[in-house]
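First the structure, in the form of structure tokens, and then the observations on it.
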Amino acid sequence: KLGNETLKEELGRAAWKVLHTTMARFPDKPTPDESEALNQYMFLFARLYPCGECAQHFQKLLKKYPPQTSSRSSAAAWACFVHNQVNERKGKPIFDCANIGDFYDCGCADDEKEAIA
Ligand code: FAD
């Protein structure tokens, strides 16, 4: 049981890292197609998330709080908010979403430049 909890927590940390980093790299001014891609990605992510209890709960959260995909800042704020909903449910500290700006840096900020070079 203890081992399973540890694995579930590791999976959660890795998944949140991917999610928040995705938001931090989402376009400031996305095309309608990019916004729709993020919207579908979130619903599929919730559906396929490999922890049944978490997936069920997260799907309910998405219904209540639909993904905000009109800009990078709204997507990042939305992901921070839903993560805080999970934090609250688990009795974990609430993250200050005002500090989300520089927190998720994947080190890939200049991949556009590399693509040109
Ligand atoms: P995590 O919550 O994993 O957070 C990792 C780091 O992200 C933190 O250390 C902090 O630096 C930062 N962070 C914290 N809050 C925020 C925020 N609001 N915005 C941005 N960054 C933040 N576990 C369950 O037991 N039951 C569930 O129903 C459940 N549902 C989940 C649903 C999803 C979609 C995901 C991705 C995970 C879920 N988990 C669930 C796992 C759980 O959320 C944690 O990942 C796990 O318990 C490990 O917690 P942690 O304290 O290491 O920090």
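FYI, the numbering just counts along the sequence from 1. Each ligand, and each atom within it, is numbered from 1 in the order the structure gives.
Of the heavy atoms in Leu19, none comes closer than 4.0 Å to ligand 1. When non-hydrogen atoms are compared, ligand 1 lies under 4.0 Å from the side chain of Asn87 (C-beta onward) but not from its backbone. Only the side chain of Arg89 comes within contact range of ligand 1, with a heavy atom under 4.0 Å; no backbone atom does. Under 4.0 angstrom from ligand 1, the non-hydrogen atoms of Asn84 come from both its backbone and its side chain.
Shortest non-hydrogen contact noted between Thr69 and Phe26 is O-CE2, 3.5 Å. In plain terms, the two heavy atoms of Pro67 and Trp78 that are nearest each other are CA-CE2, 3.4 Å.
Heavy atoms from other residues, nucleotides or ligands lying under 6.0 Å from CG of Asp102 number 12 at most.
Closest protein heavy atom to atom 2 (O) of ligand 1: His83 NE2, 2.8 Å. When only non-hydrogen protein atoms are considered, atom 23 (N) of ligand 1 lies nearest to Lys90 CD, 3.5 Å. Of all protein heavy atoms, the one closest to atom 49 (O) of ligand 1 is Lys92 NZ, 3.2 Å. Looking only at heavy atoms of the protein, atom 41 (C) of ligand 1 is closest to Gly12 CA, 3.9 Å. Of all protein heavy atoms, the one lying nearest to atom 40 (C) of ligand 1 is Cys54 SG, 3.5 Å. Nearest protein heavy-atom contact of atom 5 (C) of ligand 1 is Arg13 CG, 4.0 Å.
Judged by distance alone, the side chain of Arg25 and the main-chain N or O of Cys108 form a donor-acceptor pair under 3.5 Å. A donor-acceptor pair under 3.5 Å links the side-chain atoms of Asn84 to the main chain of Phe95, judged by distance alone. Judged by distance alone, the side chain of Glu88 and the main-chain N or O of Gln85 form no donor-acceptor pair under 3.5 Å. The backbone N or O of Pro66 sits less than 3.5 Å from a side-chain atom of Gln68, completing a donor-acceptor pair.
Listed by number with element, the atoms of ligand 1 under 4.0 angstrom from any heavy atom of Ala15 are 36 (C). Close contacts between ligand 1 and Ile100 involve ligand atoms 19 (N), 20 (C) [criterion: under 4.0 Å to a heavy atom]. Remark: ligand 1 atoms within the under-4.0 Å shell around heavy atoms of Phe58 are 34 (C). Atoms of ligand 1 found under 4.0 Å from any heavy atom of Cys80 (numbered from 1 in listed order, with element): 17 (C), 18 (N), 19 (N).
Between Tyr104, Trp16, Phe95, it is Tyr104 that holds the heavy atom closest to atom 21 (N) of ligand 1. Summarising the contacts of atom 48 (C) of ligand 1 with Glu9, Lys60, Lys8, the nearest heavy atom is found in Glu9.
Note that atom 31 (C) of ligand 1 has protein non-hydrogen atoms nearby, at separations under 4.0 angstrom. For atom 25 (O) of ligand 1, the protein comes within 4.0 Å by at least one heavy atom.
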Under the salt bridge (charged side-chain N to carboxylate O under 4.0 Å, His left out) rule, what do Glu10 and Arg13 come out as? Steps first, then yes or no, please. CA-CA 5 Å; Glu10 269 180 25; Arg13 277 190 289 275; 5.4 Å; no
Any chance you could lay out the side-chain contact (heavy atoms from CB on, under 4.5 Å) test for Gln40 and Glu36, step after step, and finish with the verdict? CA-CA 6 Å; Gln40 288 184 19; Glu36 185 50 23; 2.9 Å; yes
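Ring orientation note: the planes of Tyr49 and Phe45 are tilted relative to one another, at an angle of 30° to 60°.
Residue contacts with ligand 1 include Phe103, since one or more of its heavy atoms lies under 4.0 Å from the ligand.
A ring-ring contact (aromatic ring centres under 6.0 Å, His included) with His83 is found for one member of Tyr104, Phe103, Trp16 and no other, namely Trp16.
Residues Phe43 and Val18 are members of one and the same hydrophobic cluster, defined by side-chain heavy-atom contacts under 4.5 angstrom among Ile, Leu, Val, Met, Phe, Trp and Tyr.
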